[in-house]
Amino acid sequence: YQDMQYSKSFINKMLNAAKLVEKSCVGFDGKIVERKHLRLVDKWILSRLQKVRAEATADFESFQFHHATKLLQDFFWHEYCDFYLEYAKHRLYQPETYGADSRRAAQHTMRKVLLACSQVLAPVTAHLSEEIWQQFFPEKSIHLSAWPSEEKDEIDELSEQKAAFLNEIAAKARQHKADRKLPLNSEIASAKISCEFDLLEMEEEIHATAKVKVINAGRGERSIEFI
């Protein structure tokens with residue numbers, strides 16, 4: 001029964017994500033975006049997509065269907081939905097502030113991940129995957145499309161390491177607000193953050209998604225403190 005409930009929740013999560021992507025990509029021409037326009041979070045989720053795709057493909061080929069499904073569900077729900085889509089929203093809704101190129105990069109990335117996940121999940125979520133696919137390619141069934149190809153040039157270990165720390169900051173910001181019964185869109189006055197690399201690549205997401213007004217950054221052992 002718990003597995004059935006989780007599966008139902010996952011289907012709803014995937015449909016809601018697909019609706020957001022479809023709405024956000026209206027007017028997007030589908031052309032490949034140059035890597036120089038991608039933000040850290042784009043590189044991270046695309047890198048993770050390649051690793052998850054490769055592992056899930058190997059699982060399917062060795063008949064490990066349960067592991068492949070669980071792997072894809074965890075990636076889609078807890079990385080793509082819980083973090084990436086939240087990081088992308090300000091770029092989608094405020095191109096006048098964050099730039100048209102950044103918006104196109106977010107559209108390209110969110111669309112690519114959604115469609116690839118739909119394809120790799122198609123063996124176990126045939127109808128759901130088809131429904132999502134038809135919103136973008138009504139002229140052809142997902143079950144006649146090619147399996148997502150390997151793109152090793154998108155694997156980026158450094159971006160994954162940095163984004164993992166950004167995800168930790170975002171998660172702690174959510175917990176900070178929950179502990180104080182504050183809405184998620186409430187502002188945090190300031191944060192003191194230390195780590196071994198420069199925060200410049202993720203400052204936009206800390207400001208726009210975590211809603212931290214002032215960032216006091218330092219080098220050293222990783223630490224996050226909200227004030």
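Sequence neighbours left out, the pairs with a member in residues 179-199 that pass salt bridge (Lys or Arg N to Asp or Glu O under 4.0 Å) are E196-R222. Identified under the side chain to side chain donor-acceptor pair (under 3.5 Å) test for residues 82-95, with sequence neighbours left out: D42-Y84, D42-R91, H78-D82, E86-K89, Y87-N167, H90-E204, R91-S102. Within the structure, side chain to side chain donor-acceptor pair (under 3.5 Å) pairs that include any residue of residues 207-217 do not occur (at least two apart or interchain).
Residues passing the side-chain hydrogen bond (donor to acceptor under 3.5 Å, both in side chains) test with E61, sequence neighbours excluded: none. Applying the side-chain hydrogen bond (donor to acceptor under 3.5 Å, both in side chains) rule to S118 yields no partners; only residues at least two apart in sequence or on another chain are considered. Not counting sequence neighbours, S24 has no partner by the side-chain hydrogen bond (donor to acceptor under 3.5 Å, both in side chains) test.
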Item to complete: Please lay out, stage by stage, how Q135 and E131 fare under the test side chain to side chain donor-acceptor pair (under 3.5 Å).
Response: CA-CA 7 Å; Q135 300 304 310; E131 182 173 341; 5.5 Å; no
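A side-chain donor from one of S145 and Q119 sits under 3.5 Å from a side-chain acceptor of the other. With no hydrogens or angles considered, a side-chain donor-acceptor pair links E130 and Q134 at under 3.5 Å.
Of all non-hydrogen atoms in A68 and A56, the two that sit nearest each other are CB-O, 4.0 Å.
Cation-pi contact between R174 and F83: present, with separation from the ring centre below 6.0 Å and deviation from the ring axis of at most 45°.
Contact of the W133 side chain with the L115 side chain is registered, since non-hydrogen atoms from C-beta on lie closer than 4.5 Å.
Classification of R39 and E205 as a salt-bridged pair holds, one side-chain N sitting under 4.0 Å from a carboxylate O. Checked for salt-bridge contact, E225 and K172 miss the test: no charged N lies under 4.0 Å from a carboxylate O.
Two rings, from W77 and Y6, have their centers less than 6.0 Å apart.
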